[in-house]
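A short write-up of the structure that comes next.
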Number of protein chains: 2
Amino acid sequence: MPKAKEEDFLPLRDSVYNKLRQSILTGELPAGERLMEVHLGDKLGVSRTPIREAIRMLELEGLVTMIPRKGAMVAQITEKNMSDVLEVRRALDILCVQLACERITPEGISDLKKARDAFEKAVETNDSRVIAQADVEFHNVIISATGNDRLISLEDSLSLPMYRYRYEYIKDSSGHDNLVKEHRRIVNAIEKRNAEIAAEAAGEHIDNQRRSIIRQIRMEREEETMNALYGKRK
Amino acid sequence: MPKAKEEDFLPLRDSVYNKLRQSILTGELPAGERLMEVHLGDKLGVSRTPIREAIRMLELEGLVTMIPRKGAMVAQITEKNMSDVLEVRRALDILCVQLACERITPEGISDLKKARDAFEKAVETNDSRVIAQADVEFHNVIISATGNDRLISLEDSLSLPMYRYRYEYIKDSSGHDNLVKEHRRIVNAIEKRNAEIAAEAAGEHIDNQRRSIIRQIRMEREEETMNALYGKRK
DNA sequence: TACATTGTGATTGTATACATAATACCACTG
DNA sequence: CAGTGGTATTATGTATACAATCACAATGTA
């Protein structure tokens with residue numbers, strides 16, 4: 001993924017950006033956490049300048065919220081927020097499979113089948129992390145097949161906010177049978193270049209994700225309310 | 001639009017960001033132009049720090065290209081590039097009208113009709129800038145009606161790269177009759193909450209834009225080739 | 001006790017200083 | 001004359017310094 005060939009030099013801002021992004025997505029930096037420049041700088045061993053630039057980037061991606069002269073904090077994930085993202089992703093995921101139907105190469109189809117098989121194998125391990133990884137790679141094959149760079153980067157940034165919910169979503173899917181079935185359906189449709197069926201399958205696929213994620217958020221909220229009412233632990 | 005109520009303080013980086021963005025979109029800073037920090041700082045009367053942060057933001061929006069240790073330049077607009085953006089925008093514009101069909105309020109419908117009438121009035125002036133402005137406002141009404149914040153900001157950033165071509169596109173449209181007709185069709189469909197027709201109309205609307213913009217880019221390229229062959233003027 | 005006020009510490013905004021890499025220019029050599 | 005090497009200049013990367021503002025607490029007063 002990185003353009004290491006010509007230049008393996010990575011500015012600190014990018015390194016910081018990646019680290020912060022990772023920390024936010026894994027929940028190590030929880031929503032609402034303040035991002036203080038000197039503090040982060042100490043922790044990462046760099047000055048404020050790269051930290052600030054990284055924060056600017058995260059801000060535009062929607063992962064952190066800024067209030068001028070107050071500071072930055074990890075963005076709150078609200079149901080509305082996530083719902084908005086999923087709505088957009090639904091449209092773009094459908095666009096992805098439609099374009100893939102038109103443009104996928106024979107090699108792409110072969111990759112896609114490999115990714116599908118790898119996913120089914122991953123499911124058998126019953127390990128959520130392994131399955132999630134295989135799922136990401138499956139989708140990446142489709143996304144790359146569109147050949148649309150803008151779409152690729154948008155899909156990337158729109159899938160970020162839901163990484164936190166991915167494991168649970170995968171556990172949710174009763175026996176993972178649904179996931180396997182949906183993937184197969186998508187692969188078949190793309191192979192036959194049937195955009196209509198592919199779109200339908202992709203739509204259902206993300207609708208299922210949506211349901212699971214929204215349910216999780218509601219449960220989190222409920223838990224928070226409980227804590228607020230009956231006292232929260234440190 | 002600005003949240004001026006609580007805080008009318010605008011960090012320099014945002015002010016710089018707006019200025020640079022404007023300069024790029026109007027073509028004052030042509031594609032390929034190098035963005036040198038000290039130079040821009042002198043011109044705008046600020047230090048490098050706000051300039052750098054503004055550049056980071058523009059970079060994520062795709063308006064400038066960065067090469068580490070080399071510098072930033074105004075992003076080249078290629079046909080592929082623009083084509084990618086338009087492909088995504090097509091899907092999102094359609095999503096916009098579909099959501100608007102579901103969610104628009106009576107006030108929204110009233111605003112929409114006002115915007116449509118204002119547009120038709122603008123067309124009569126025959127002034128491209130006036131028409132373009134009315135066109136933007138018409139679309140903004142629809143986009144706002146979706147209530148999807150993420151979609152709103154995406155539409156915003158995806159329409160940026162084509163601002164340069166907007167005037168020509170409007171001149172292109174034979175007598176503007178098409179534009180008026182398309183707008184009317186969209187308004188009628190949204191009012192009747194007929195998502196299918198609305199989607200179709202929105203799709204055609206952007207397909208027309210696409211044709212005009214692609215044609216313009218090809219003409220520009222041709223001109224450049226000529227200049228390269230027969231010598232370019234200063 | 002309630003509330004206003006002021007002062008102090010902490011944090012961001014902005015500017016500048018220093019280090020390092022890239023580029024351009026020029027002289028020198030073959 | 002072409003090509004190479006070295007140096008000077010320029011621009012970016014990073015760190016630090018200074019200024020402005022905000023949060024909060026301590027203090028004093030009604």
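Note on naming: letters A, B, ... go to the chains in the order of the sequence lines (proteins, then strands), and numbering restarts at 1 for each one. No hydrogens, no waters, no symmetry mates; every other heavy atom, side chains included, goes into these values.
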Exercise. Which part of the nucleic acid, if any, lies within reach of A/Leu35 when heavy atoms closer than 4.0 Å are counted: base, sugar-phosphate only, or nothing?
Worked result: sugar-phosphate
When rounded to whole Å, the CD to P distance for the pair B/Glu53 and D/dT14 reads 14 Å
Practice task
May I ask you to decide whether B/Glu59 forms a salt bridge with B/Arg56, counting only side-chain N to carboxylate O separations under 4.0 Å?
Solution key: yes
Under a plain distance cut-off of 3.5 Å, with no hydrogens placed, do B/Tyr17 and B/Arg21 share a side-chain donor-acceptor pair? yes
Winner on side-chain proximity to B/Glu37, out of C/dT12, D/dT14, D/dT12, is D/dT12
Applied to residues 27-38 of chain B, the side chain to side chain donor-acceptor pair (under 3.5 Å) test, sequence neighbours excluded, yields B/Glu37-B/Arg48, B/Glu37-B/Arg52
Notebook entry, point to check: Under 4.0 Å between a side-chain N or O of A/Arg69 and OP1 or OP2 of C/dT11?
Noted result: no
To the nearest angstrom, the CG-P distance between B/Asp14 and C/dT12 comes to 16 Å
Atom CE of A/Met36 and atom P of D/dC22 are separated, to the nearest Å, by 18 Å
Separation of D/dT12 atom C1' from B/Leu40 atom CG, nearest Å, is 13 Å
Whole-Å distance, A/Ile67 CD1 to C/dT12 C1', equals 13 Å
Between CG of A/Leu12 and P of D/dT12 the distance, given in whole Å, is 17 Å
Quick note, A/Ser47 side chain, CB onward, closest among C/dT14, D/dG13, D/dT16 is D/dT16
Is it true that A/Asp84 and A/Lys80 have a side-chain N and a carboxylate O under 4.0 angstrom from each other? yes
Between B/Arg34 and B/Arg48, whichever has its closest DNA chain C nucleotide further toward 5' is B/Arg48
Rounded to whole Å, the CZ-C1' distance (B/Arg52 to D/dT12) equals 6 Å
**Report entry** Cationic N near anionic O, under 4.0 Å, A/Lys171 to A/Glu168
**Finding:** yes
The answer to which of B/Lys70 and A/Lys70 contacts DNA chain D further toward the 5' end, by nearest nucleotide, is B/Lys70
| request: Give one of base, sugar-phosphate or nothing for A/Ile51, where a contact means two heavy atoms less than 4.0 Å apart. | output: nothing
Practice prompt. Look at all strands and tell whether A/Arg13 reaches a base, only sugar-phosphate, or nothing, counting heavy atoms closer than 4.0 Å.
Written response: sugar-phosphate
A/Met66 atom CE is separated from C/dT12 atom P, nearest whole Å, by 8 Å
